[in-house]
Amino acid sequence: MRSILSSRRFGFVFVALLLGLGPAVVAQEVTDAGSKGIEIADGVHLLAGLACNVIAVIAPDGVLIIDNGRASGSEDLEKSITELDAGPVRIVLDTHFHFDHIGANEALARDGAVIVAHENVRRRMLAEWRVPDTLGISYPTVAPYPEVALPILTITDSLTVHFGGHEIEVRYLPSAHSDADVAVFLRDANILHTGDLYLSNGFPIIDSYHGGTIDGLIAAVDALIDLIDDDTKVVPGHGPVSNRRELREYRHMLAAGRDRITALIDEGKTLEEVVAADPTAGLYRRGESWLPPKLFVWMVYVDLTRSRSPAEDTSG
């Protein structure tokens, strides 16, 4: 795979402590395994040390990967795949369009991989990504991607991929983390990759400027809980490998946070007053959240007040 250490090097808040929280045995094994990661099911590897959790599915003639990290980590991804000794990457499934999950699209596509994603991923990648300053934090602008980096196969609802003896279900969950999220379920291996619909290391990003909503995110998590069972390995977009019980806890955290913020809004509180009230206190119980809770509060506030006072359209 050609390395593209392009100009897309950003210090955005998405990039956090990966695979470092919680007691999960699988997560510790990944931390200790180097760039190759570990085999979490027959022919299915979780790759470590990248900007997001990447799954590699091995077939006799190549590899399918789910997400691929940042462009600046292309060499690390190349090393991880080379160590699998499984041939070239044939298919790339993008769970959404944020740069820390699709940064190696261009390098992979130039080497012949087919990029697959929801149709909104392609639409978002064609436009500039930008959001306003948030609580004193400025975010970089992401330029439109070149044609070669874009998905060439897009879905509107669902897709089944047969690869390496696995039946891989790709499901669209609308208006959740963004308007372009899919979850990927390897039913026979009982492994679910949630993308950023779920993070096991703290509060999530809700990209409300690009179609994300708190209610949609909760609905998406409900759908994922119904899809899996208690033995499913749940691979979040970031954080340690998880399970259905922890996914339920996450759902409770989201709903409780939304309800507390809604109550403060109904009392006529300003954004500053809502943030100062610390409505997420006690909701995340697994250490320190990778995302400062006040940023989660801000995003939920923006979403919930949008219909009352429409925010600037920054969708590009």
Side-chain angles (χ1 to χ4, degrees), residues 18-33 37-48 52-58 64-67 93 95-96 157-174 176-177 181-204 214-259 282-287 289-290:
L18 303 176
L19 304 173
L21 299 175
V25 173
V26 171
Q28 186 57 52
E29 288 176 345
V30 170
T31 301
D32 294 341
I38 62 163
E39 190 171 29
I40 57 176
D42 185 25
V44 182
H45 293 253
L46 176 61
L47 305 184
C52 64
N53 285 330
V54 176
I55 284 179
V57 182
I58 309 304
L64 175 150
I65 63 171
I66 305 169
D67 284 346
L93 300 179
T95 63
H96 62 294
D157 181 36
S158 62
L159 174 73
T160 301
V161 180
H162 298 273
F163 190 88
H166 297 283
E167 186 174 289
I168 303 170
E169 301 175 20
V170 184
R171 296 195 178 196
Y172 176 52
L173 287 307
H177 166 64
D181 301 292
V182 299
V184 183
F185 187 36
L186 286 73
R187 185 175 292 277
D188 57 292
N190 207 9
I191 295 171
L192 174 69
H193 194 313
T194 68
D196 280 0
L197 295 166
Y198 171 46
L199 293 92
S200 62
N201 57 1
F203 291 97
I214 182 62
D215 287 335
L217 183 57
I218 292 169
V221 173
D222 284 338
L224 297 181
I225 291 170
D226 290 343
L227 179 65
I228 63 177
D229 61 34
D230 290 342
D231 295 322
T232 305
K233 291 184 178 72
V234 179
V235 178
H238 305 272
V241 174
S242 188
N243 54 50
R244 194 184 195 196
R245 176 180 57 81
E246 292 177 354
L247 188 58
R248 284 197 180 104
E249 292 175 0
Y250 175 79
R251 195 268 184 205
H252 170 76
M253 180 181 77
L254 296 178
R258 175 200 59 189
D259 293 348
L283 293 182
Y284 182 66
R285 301 176 182 177
R286 296 183 178 276
S289 170
W290 80 279

Check [X] against [Y] and note the closest heavy-atom contact, atom names and distance.
X    : Y    : value
G237 : D196 : CA-OD1, 3.3 Å
L173 : A223 : CD1-CB, 4.0 Å
P236 : L199 : CB-CA, 4.0 Å
S242 : L247 : OG-N, 4.5 Å
A256 : L283 : CB-CD2, 3.7 Å
C52  : D67  : SG-CB, 3.9 Å

Intermediate values then yes/no, side chain to side chain contact (heavy atoms under 4.5 Å, CB included), L192 and E169: CA-CA 9 Å; L192 174 69; E169 301 175 20; over 6 Å; no
Salt bridge (Lys or Arg N to Asp or Glu O under 4.0 Å) assessment of R285 paired with E249: CA-CA 9 Å; R285 301 176 182 177; E249 292 175 0; over 6 Å; no
Roughly how far, to the nearest 0.5 Å, is the [atom2] atom of [Y] from the [atom1] atom of [X]?
X    : Y    : atom1 : atom2 : value
D222 : L227 : CG    : CG    : 12.5 Å
I228 : I191 : CD1   : CD1   : 12.0 Å
L217 : Y250 : CG    : OH    : 4.5 Å
D157 : R171 : CG    : CZ    : 9.0 Å
D215 : R258 : CG    : CZ    : 5.0 Å

List for me each residue that meets ring pair (Phe, Tyr, Trp, His ring centres under 6.0 Å) alongside Y172, sequence neighbours excluded, and say none if there are none.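 Only H118 meet the ring pair (Phe, Tyr, Trp, His ring centres under 6.0 Å) criterion with Y172.
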Has the side chain of [X] got a donor or acceptor atom that lies under 3.5 Å from a matching backbone atom of [Y]?
X    : Y    : result
D181 : G195 : no
R286 : G202 : no
H166 : D42  : yes

Below 4.5 Å, heavy atoms only, C-beta onward: do [X] and [Y] meet side chain to side chain?
X    : Y    : result
H45  : I65  : no
V44  : I55  : yes
T160 : E167 : yes

Take F203 and M253 through the test side chain to side chain contact (heavy atoms under 4.5 Å, CB included) and record every step on the way to the result. CA-CA 8 Å; F203 291 97; M253 180 181 77; 3.7 Å; yes
Salt-bridge criterion met for R245 and D230 (N-O under 4.0 Å):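 Looking at R245 and D230, the cut-off is not met.
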Parallel, tilted or perpendicular: which fits the ring planes of H96 and H177, with parallel below 30° and perpendicular above 60°? perpendicular
Once side-chain hydrogen bond (donor to acceptor under 3.5 Å, both in side chains) is applied, do any residues pair with D229, and if so which ones, sequence neighbours excluded?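 For D229, the residues satisfying side-chain hydrogen bond (donor to acceptor under 3.5 Å, both in side chains) (neighbours in sequence not counted) are N190, T232.
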Decide side chain to side chain contact (heavy atoms under 4.5 Å, CB included) for I66 and L186; before the verdict, give the C-alpha distance in whole Å, the side-chain angles of both, and the deciding distance to 0.1 Å. CA-CA 11 Å; I66 305 169; L186 286 73; 4.2 Å; yes
Step-by-step side chain to side chain contact (heavy atoms under 4.5 Å, CB included) determination, L93 to H193: CA-CA 11 Å; L93 300 179; H193 194 313; over 6 Å; no
